Asks: 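Below are the structure tokens for one structure; questions will follow.
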Number of protein chains: 2
Amino acid sequence: MATTTADQRRAEARAAYDAYLAQCPSRQLLARISDKWVTLVICALGDHRGPLRYSELARRIPGVSQKMLTQTLRALERDGLIGRTVTASVPPRVDYELTPLGHSLLEPIWHVKHWAEQHMPEIDRARTAYDGARDEPTGAVRASG
Amino acid sequence: MATTTADQRRAEARAAYDAYLAQCPSRQLLARISDKWVTLVICALGDHRGPLRYSELARRIPGVSQKMLTQTLRALERDGLIGRTVTASVPPRVDYELTPLGHSLLEPIWHVKHWAEQHMPEIDRARTAYDGARDEPTGAVRASG
DNA sequence: CCGGATCCGCGAAGATACTG
DNA sequence: CAGTATCTTCGCGGATCCGG
């Protein structure tokens with residue numbers, strides 16, 4: 001009967017995972033802010049310290065597609081982190097801005113950014129060392145870090 | 001060769017995006033920690049305050065596949081955030097632990113987690129309000145969660 | 001038996017063209 | 001200018017097999 005357990009184990013694992021996420025609020029938020037576009041949008045709005053238009057936001061986040069930007073903005077709006085203001089004039093203007101709640105998220109994110117800026121060189125060195133070690137296991141000549 | 005325009009634009013955008021990431025260290029780290037498994041692994045190791053085996057780590061992060069766990073662990077090892085200790089005995093044992101660098105990342109991450117725990121209810125309320133508003137723009141009576 | 005690498009299927013991310 | 005629909009591509013997740 002060992003073969004039938006595969007499906008059961010999948011269901012169990014799924015349920016356990018779901019329950020795990022459900023019981024732990026930080027995990028839910030983690031899942032939200034772990035999205036890179038979310039963080040970039042928050043940072044962009046926070047950096048500008050004011051409302052930004054859709055296109056302006058897209059301009060500040062190179063590499064983002066309209067789809068993902070819209071999707072991210074909708075998600076953030078739904079979560080109450082950003083506000084969406086529509087000016088229904090001939091040139092459609094939509095402004096996005098951080099809500100107080102979204103603004104409060106900037107602080108913890110700033111800590112992470114700060115850490116990143118401080119320790120990025122170390123990480124870069126670690127990467128080089130790791131890659132170099134993998135490339136030359138015998139340990140002959142290692143590239144300068 | 002008009003068809004190459006699309007490819008060119010893609011390459012340009014890609015290059016711009018890449019350059020954007022390259023010039024901004026925080027973006028690089030952001031791209032790394034924006035991976036939810038990364039954060040979960042870091043938190044799991046930090047929470048346990050000691051080395052954890054591969055299977056033990058997988059047990060503490062329900063829903064993660066072996067592939068992603070291994071992939072994440074490799075990336076973190078490469079970045080010098082975690083250490084990997086292989087005990088090549090008859091029962092293969094591989095222990096992972098936070099390096100000092102990885103440990104220092106715990107603090108900023110903790111801030112984020114803390115924020116999440118504090119503001120999750122607000123976000124939940126915002127979501128409900130948003131969904132409710134979308135469901136009944138006219139203001140009809142609708143009693144869905 | 002544990003740790004991990006590989007292959008396959010699926011769903012989401014991404015780019016493009018189109019609409020209001 | 002803002003946003004949507006469609007197609008493609010890619011990365012995740014799962015199952016299976018391999019090495020120690």
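Numbered from 1 within each chain, the chains take letters A, B, ... in sequence-line order. Quick caveat: nothing in here was measured; it's all calculated off a predicted structure.
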Asks: Once you round it to whole Å, what is the distance between C1' of dC1(D) and OH of Y54(A)?
Replies: 10 Å

Asks: Can you tell which of dA5(C), dG3(C), dT4(D) lies closest to the side chain of R74(A)?
Replies: dT4(D)

Asks: Counting side-chain heavy atoms from C-beta on, which of dG4(C), dG13(D), dA2(D) comes nearest to R53(A)?
Replies: dA2(D)

Asks: How many whole angstroms separate atom CD of Q71(B) from atom P of dG4(C)?
Replies: 13 Å

Asks: Taking OP1 and OP2 of dG3(C), is either one under 4.0 Å from a side-chain nitrogen or oxygen of Y96(B)?
Replies: no

Asks: Within this structure, what is the NZ-to-P distance between K67(A) and dA5(D), rounded to whole angstrom?
Replies: 11 Å

Asks: Taking all non-hydrogen atoms of both residues into account, name the closest pair between L98(A) and I42(A) and its distance.
Replies: CD2-CD1, 3.8 Å

Asks: Only one of Q118(A), H111(A), H119(A) passes side-chain contact (heavy atoms from CB on, under 4.5 Å) with W115(A); say which it is.
Replies: H119(A)

Asks: Regarding Q66(B), tell me which of base, sugar-phosphate or nothing describes its non-hydrogen contacts under 4.0 Å with the strands shown.
Replies: nothing

Asks: Atom CZ of R93(B) and atom P of dG20(D): how far apart are they, to the nearest Å?
Replies: 20 Å

Asks: Between P on dA2(D) and CD1 on I61(A), what's the gap in Å once rounded to a whole number?
Replies: 14 Å

Asks: Indicate whether OP1 or OP2 belonging to dG3(C) is found under 4.0 Å from a side-chain N or O atom of S55(B).
Replies: yes

Asks: Tell me whether the side-chain N/O atoms of W37(A) come closer than 4.0 Å to OP1 or OP2 in dA13(C).
Replies: no

Asks: Any base atoms under 4.0 Å from V86(A), or only sugar-phosphate, or nothing? Heavy atoms, all strands.
Replies: nothing

Asks: Distance check needed: dG3(C) P versus R59(B) CZ, whole Å only.
Replies: 10 Å

Asks: Looking only at side-chain atoms of T70(A), point me to the closest of dG3(D), dG4(C), dG14(D).
Replies: dG3(D)

Asks: Test L40(B) against V64(B) for side chain to side chain contact (heavy atoms under 4.5 Å, CB included), laying out the working first.
Replies: CA-CA 10 Å; L40(B) 286 172; V64(B) 70; over 6 Å; no

Asks: Assign each of P91(A) and P92(B) to its nearest nucleotide of DNA chain D by heavy atoms, then name whichever residue's nucleotide is nearer the 5' end.
Replies: P91(A)

Asks: Would the distance check show the side chain of Y54(B) and the main-chain N or O of Q66(B) forming a donor-acceptor pair, the cut-off being under 3.5 Å?
Replies: yes

Asks: Please give, in whole Å, the distance from dA12(C) C1' to M68(B) CE?
Replies: 14 Å

Asks: How about R59(B): does its CZ atom have over 12 heavy atoms from other parts shown lying under 6.0 Å from it?
Replies: no

Asks: Could you state the atom-to-atom distance from CG of D35(A) to P of dG14(C) in whole Å?
Replies: 9 Å

